[in-house]
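Comments concern the structure below.
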Amino acid sequence: MDYIKGLNDRQREAVLHDEGPLLVLAGAGSGKTRVLTHRIAYLIEERGIFPGNILAITFTNKAADEMKERAIGLLSGNLDRIWMGTFHSICVRILRQHIDRIGFERAFSIYDRNDQIALMRECIEELGLNEDRYKDRLVLNMVGRIKDSMASPDDYIDERYMDPVRENMRGLYRLYEKKLKHNNALDFDDLIKRTVELFRADSDILEYYQRKFEYIFVDEFQDTNGAQYQLIRLLASGHRNLCVVGDDDQSIFGWRGADITNILSLKEDFHEAKTIKLEQNYRSTQNILDVANSIIKNNNGRMEKRLWTDRDRGKQVVVENVSDQDDEARTVLNRIWEHSKDGHYKLSDFAILYRTNAQSRVFEEAFMRNDIPYRLVGGLKFYDRKEIKDIIAYLRVIQNPVDDISLRRIINVPRRGIGRVTMGRVEEYARGIDSNIYDALMDVENIPGLSARARNSLRSFVDMMNGFMERQKAIGIGEFIEEVIEKVGYIGELEDKGDEEAQSRLNNIEEFLSVAVEFETYNPDGSLEDFLAGISLLSDVDKTEDRDDAVTLLTVHSAKGLEFPVVFMVGMEEGLFPIIRDSESDSDIEEERRLCYVAITRAEELLYISHARVRTIYGRMNYSKPSRFIYELPEDLIDVKGELNRDFHRGFNDMAINPNERLIRVRDYTRRPMAPSGRVAVDQDQIKEGTKVKHAKWGFGIVAQLKDRDDDREATIIFDDVGLKRLLLSIAPIEIVNGG
DNA sequence: ACGGGCGTCTTTTTT
DNA sequence: AGACGCCCGT
């Protein structure tokens, strides 16, 4: 049949796999998308599976679209009914149907990182906690990780050892959850967690979906977290036709809760799973693959895999030593010029990969100066612009009036004379009637202490919003949004201002309108909720327009799953890539190395790696050494331009990583590998996140975060008196405090 | 209520 | 270096 034409043996085996669970370990560029699309087509055409009974989960919406398109190319029918999308969008789709079953309303808002921060700040303030000691982002990270693993705060924090700090942490978590509920809002983590909760709460709903999804596919399985795994496990436990595709070497989202041991869990929960390895690479030259292999082999506990290709050796990988970031940009531009002037490569064949978003700026400037079109993935995002966020906040309030975070954002934008004092009174009243701001506003005549002026402003604001809610039912989304922007006075204020910035804001609003119109065209029945959810669940890659012919600038994380004929890996300096927070500690080097591996394997034909001797960070000059990863490259395969001092870095070889670390690693978050014995100051096994400790100098504190170091563990501890500190457990003079 | 001036912190990576 | 929040003067 057509579905297996041109596939290698292993790929064919995966495509034709009969019933039951299947684990495809797919090396970079080994044609996994091909396997997925062909298998889907095969199931539909040959096995007569109805597309609506297939669920395929991808990492970005773009990947879903691509997969859909490619599968359609193999089919005679269409794929309209297939469920294909990201974890988050699939969950939203389910929750919009059934979330009332677990006490939310179907019009729930979806909170992004900024909304989360705003909400957490409220919590910290409301509990009267010291903002220096309880950093919103740190608390949020903790909360997020708890949610990712499906644990509740009470699972996480042991009742027997309560103390003020721990009590506060739990209080914050609880208040945060309460506020989300109060605002009828879900954060990103909730989208997954609440869906699992829904399934656990209502077996009828679960059974419905278990029966519906006869075949389930999960792409990029190595980057799923605990909650996502639970979701898959629940859904797949009926038909057990679960096909996951992943590569442990490309696991780069550990910091976000991704748990590579899900692969082990899968083998336990679906013990009959068949494993197929894809090792033939169709993307890169042999030189590039050798370079990639020579990097990744320095990691421990891998599932052994060795990429090979029958393609040519190709050109040598070039390592460039440049003086600073401007020199780096210049060098890259010259290379691009060199390779594109004879028409051999198009601009869209080039990609610049960096470790942190901040590095894009120099390149943007260089491209702009030289009039070279580029497209920037991530970074300063369109949807992060103030004016767009304001409009979205309006729409959210119209959709879900109890969303206080959004309401507070726009109640005085544009200026309506509703200031801090007025809002203080309104919110106090809202708390008094145990309700939301919007409810309070509906009751504006009864709010004490308002000036007549403020009362009038509030009244007309509510009237206006009520009007929108009615109006929304009557007309299409594009027209509706245009009306909102107009009536709200946003355009008027900007036009009055009339400077360059205001003009660019107006243009952005114009662009937002065309997004809405486009949405309406493609989704004639789409609701305002669908529109808003669609926007908030876009990944950076999704948000970036495919410009005709432009160089792509993006982080290595964003580049996952993409490929380019020519790749520039820039900023390959110790401390930046691998990134290291402070001079004392290195972060998880193995994940950094995997990141490096992902970057290298994006390249098809040419790969340039550059490192600068001087880099300006925070406006300060820093001398930097070449990345340790550069020294892991095989000498005979690289072409070094300029000096590379091999003695310089010899020290890194001594920092060998405990070879057993990977194997010891267990999937229970609370159990961690022991550090090597000999210089253990405290029984490390006893120390968990949440453990109360006493430090010789800094007194009492609570462990907020634990991280594995090379052969040690680093604890982030919040001390009662001195606040946040980072310590290595093997040498820190701390002891565990029992009781309360 | 609002805008300007000054001090602070930042940067890991993102659905 | 730049963004952001905070304080103060209008």
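Just so we're on the same page: letters track the sequence lines, and every chain starts at 1.
A:F629 and A:F577 have perpendicular rings, their planes meeting at more than 60° on a 0 to 90° scale where under 30° would count as parallel.
Closest contact between the side chain of A:R121 and the listed nucleotides C:dG5, C:dG2, B:dT12 involves C:dG5. Out of C:dG2, B:dT11, B:dT14, the shortest distance to the side chain of A:A358 is found at B:dT11. Among B:dA1, B:dT12, C:dG2, the nucleotide with an atom closest to any side-chain atom of A:R420 is B:dA1. In this structure, the nucleotide among B:dT12, B:dA1, B:dT10 sitting nearest to the side chain of A:Y618 is B:dT10.
Within the 3.5 Å criterion, the main-chain N or O of A:I146 finds a donor-acceptor partner in the side chain of A:S149. Panel note: side chain A:R396, backbone A:F108; no donor-acceptor pair is recorded below 3.5 Å. Here the side chain of A:N262 pairs no donor or acceptor atom with the backbone of A:S265 at under 3.5 angstrom.
The side chain of A:T555 places no N or O atom within less than 4.0 Å of a non-bridging phosphate oxygen (OP1 or OP2) of B:dT12. At least one side-chain nitrogen or oxygen of A:N357 sits closer than 4.0 Å to the OP1 or OP2 atom of B:dT13. A sub-4.0 Å separation between OP1 or OP2 of C:dA1 and a side-chain N or O of A:T616 is absent. Under 4.0 angstrom from either OP1 or OP2 of B:dT15 there lies no side-chain N or O belonging to A:N225. When the side-chain nitrogen and oxygen atoms of A:S536 are compared with OP1 and OP2 of B:dT15, none of them lie within a distance under 4.0 Å. Contact annotation: A:R594 side-chain N/O to B:dT13 OP1/OP2 distance is not under 4.0 Å. Dashed line: the shortest gap from a side-chain N or O of A:R415 to OP1 or OP2 of B:dC2 is under 4.0 Å.
In this structure, A:W255 packs face-to-face on the six-membered ring of B:dT13, meeting both the 5.5 Å centre cutoff and the 30° plane limit.
A straight line from CD of A:Q116 to C1' of B:dT15 spans 11 Å, rounded to a whole angstrom. Atom CD1 in A:I617 sits about 18 Å away from atom P in C:dA3, given to the nearest Å. Taking atom CG on A:D148 and atom C1' on B:dT14, their separation rounds to 12 Å, with Å as the unit. Protein atom CD1 of A:I117 is 12 Å distant from nucleotide atom P of B:dT10, rounded to whole Å. To the nearest angstrom, P of B:dT15 lies 15 Å from CG of A:D187. Separating the CG atom of A:L554 from the C1' atom of B:dT14 is a distance of 13 Å, rounded to the nearest angstrom. Here B:dT14 presents its C1' atom at 13 Å from CG of A:N61, a figure rounded to the nearest Å. Going from atom OH of A:Y111 over to atom C1' of B:dT15 covers 18 Å, rounded to whole Å.
Within the nucleic acid shown, A:F253 comes within 4.0 Å of sugar-phosphate atoms alone, with no base atom in reach, counting heavy atoms only. Across all strands shown, A:V421 has heavy atoms under 4.0 Å from sugar-phosphate atoms exclusively, and none from any base. Nucleic acid contact class of A:N412 (heavy atoms, under 4.0 Å, all strands): sugar-phosphate only. Nucleic acid contact for A:R137: sugar-phosphate only, since backbone atoms but no base atoms lie under 4.0 Å from a heavy atom of the residue. In this structure, A:T422 reaches the sugar-phosphate backbone alone: every heavy-atom distance under 4.0 Å involves primed, P, OP1 or OP2 atoms, never a base.
A side-chain hydrogen bond (donor to acceptor under 3.5 Å, both in side chains) with A:K147 holds for exactly one of A:D189, A:N225, A:D187; it is A:D187.
Nearer to the 5' terminus of DNA chain B, by closest-nucleotide assignment, is the contact made by A:G419 (compared with the other of A:L537 and A:G419).
You'll find the side chain of A:D259 stays beyond 4.5 Å of the side chain of A:Y229, heavy atoms only.
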